[in-house]
Amino acid sequence: MRTRPDRLALLGGTPVRERPFAAWPEFDDREEAAVAEALSRGEWGGYPMPNHFASRFEQRFAARHDCEHGQLVANGTVSLEIALEALGVEHGAEVIVPAYTFEATAASALFAGCVPVFADVRREDYCLCPDAVEAAITSRTQAIVPVHLAMSVADLDRLGEIAQRHGLAVIEDCAHAHGARWRGRGVGSWGDAGSFSFQTSKLMTCGEGGIVVTKDRRTSEKLHALTNCGRAAAEAAPPGLIGHNYRLSDLQAALLDAQLERLDEQLERRARHAERFRAGLERIPGLEPVATDERVTTQAIYQFVLRYDAEAFAGASRDTFVAALIAEGVPCDGRFYEDLTQSPLLAKGNGRYPAFDASPPPAPCPNAARAAYDEAVWLPHPLFLGTVDDVDDVLVALEKLSRRAPQLSETQVHAKARTER
């Protein structure tokens, strides 16, 4: 690895990295040809539904995740909302969600007329804790929404067993997990439905968009009607569904159809570079990657997440460490997500969601709070799409911060949460 001047860039030294990392999104003539074909077909919008590229992509993406049906939608938030509606989760019912995730996971339950109930995550991988789920179940609980977070997959075996025992629906939030597999089977196929996002930063993107996958034909028909203003996909219309206009344009579907062709190669490239990165981390005290469950047979790395130990860095806060790493030229984030029990976006009392306002206060979620405010460091996936030198530069920057940890105590930085899906 290359050596660099050791004064921290945050304090006026020379940054380790002054050129950008790999650009995202990746595209080539495949995307250009697909969009050109959609333009020439004149099928620019989402109606009539599905158009050429939407129909083809829904089938291909669902099959890639071992499901029979897929429904493209406008984004990865409404995908969760209509999944709850299609599965018959009732207004006022409780929906258990992890306390450490993007606010949209909980907000989608509110939009569907339900009450989100926050359960803590596991310290080792920041995914929904099955024990916390069991403790949160009441007579009003009707669904669980596990989130496959960053580079981890929630414990689908235990959560599935809990859901079956209590008669609960399971909707997998796979916004970070395109192509991931649990015990050889695609995420999204283990629950009653799986929700994916295609927002700009995600592992596949068309700018904005989402999809719900399912193995159940009847659920698929309801999803179609809820997306398409209540119009049925088949002759027998699902009863009592007014529906929204949550359609995705065929121009966007054309982009996704091309993006799917490169998914497996990108997964393999990230995994190869992540293996080198893990090996390098072993010589840097105070930084540990979140655990990877042995049942994850294909890992999707949307963000490579580290657990930060302030004691190894002269007591500097996680936010100070993140600011110092950014100054060295490495994009990263600390307060990527809030502890949702403390999120101002989900504060009660605005009058729009009376059932939520009247619900009991959330139980403390210490692992979520620790991750949000003290511990988690998020490294975006394009860092692992470039070259070996890119990976090594990230390690050089981390080693520099480790060697010069006393310099971090010269400043303290407090970050604000980022909100996007």
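Computed over heavy atoms, backbone and side chain alike; hydrogens, waters and symmetry mates excluded.
In this structure, Ile144 and Val95 have side chains that are not in contact, with every pair of non-hydrogen atoms separated by 4.5 Å or more.
Applying the ring pair (Phe, Tyr, Trp, His ring centres under 6.0 Å) test between Phe384 and each of Phe304, Tyr302, Trp24 identifies Phe304 as the sole match.
Under the 4.0 Å criterion applied to side-chain N and carboxylate O atoms, Arg122 and Asp131 are not assigned as salt-bridge partners. A salt bridge links Arg17 to Asp393: at least one charged side-chain nitrogen sits closer than 4.0 Å to a carboxylate oxygen.
Between the CD atom in Glu26 and the CD atom in Glu31 there is a gap of 9.5 Å [rounded to 0.5 Å]. In this structure, CZ in Arg307 is found 9.5 Å from CZ in Arg370, a value given to the nearest 0.5 Å.
Between Tyr126 and Tyr337, the distance separating the two ring centers is not shorter than 6.0 angstrom. His65 and Phe61 have their aromatic ring centers within a separation under 6.0 angstrom.
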Next on the checklist: Before you tell me yes or no, could you show the steps for Leu156 and His148 under side-chain contact (heavy atoms from CB on, under 4.5 Å), namely the whole-Å CA-CA distance, both residues' side-chain angles and the distance that decides it to 0.1 Å?
Outcome noted: CA-CA 10 Å; Leu156 291 166; His148 305 317; 3.7 Å; yes
Checklist entry - Does the pair Gln142 and Glu90 meet the rule for a side chain to side chain donor-acceptor pair (under 3.5 Å), with working shown? => result CA-CA 8 Å; Gln142 292 189 10; Glu90 298 171 332; 2.8 Å; yes
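Taking the ring centre of Phe196 as origin, the terminal cationic atom of Lys202 falls outside the region bounded by 6.0 Å and 45° from the ring axis.
Closest approach of Leu306 and Phe277 over heavy atoms only: CD2-CE2, 4.3 Å. Heavy-atom minimum distance, Leu168 versus Ile137: CD1-CD1, 3.9 Å.
Atom CD of Glu294 has 12 or fewer heavy atoms from other residues, nucleotides or ligands within 6.0 Å.
Defined by atom type and a distance below 3.5 Å, a donor-acceptor pair is missing between the side-chain atoms of Thr200 and Glu208.
With sequence neighbours excluded, the residues forming a side chain to side chain contact (heavy atoms under 4.5 Å, CB included) with Pro285 are Ser402, listed by chain and number.
Using the six-membered ring where Trp is involved, His244 and Tyr246 have ring planes that are parallel, under 30° apart on the 30 and 60° scheme.
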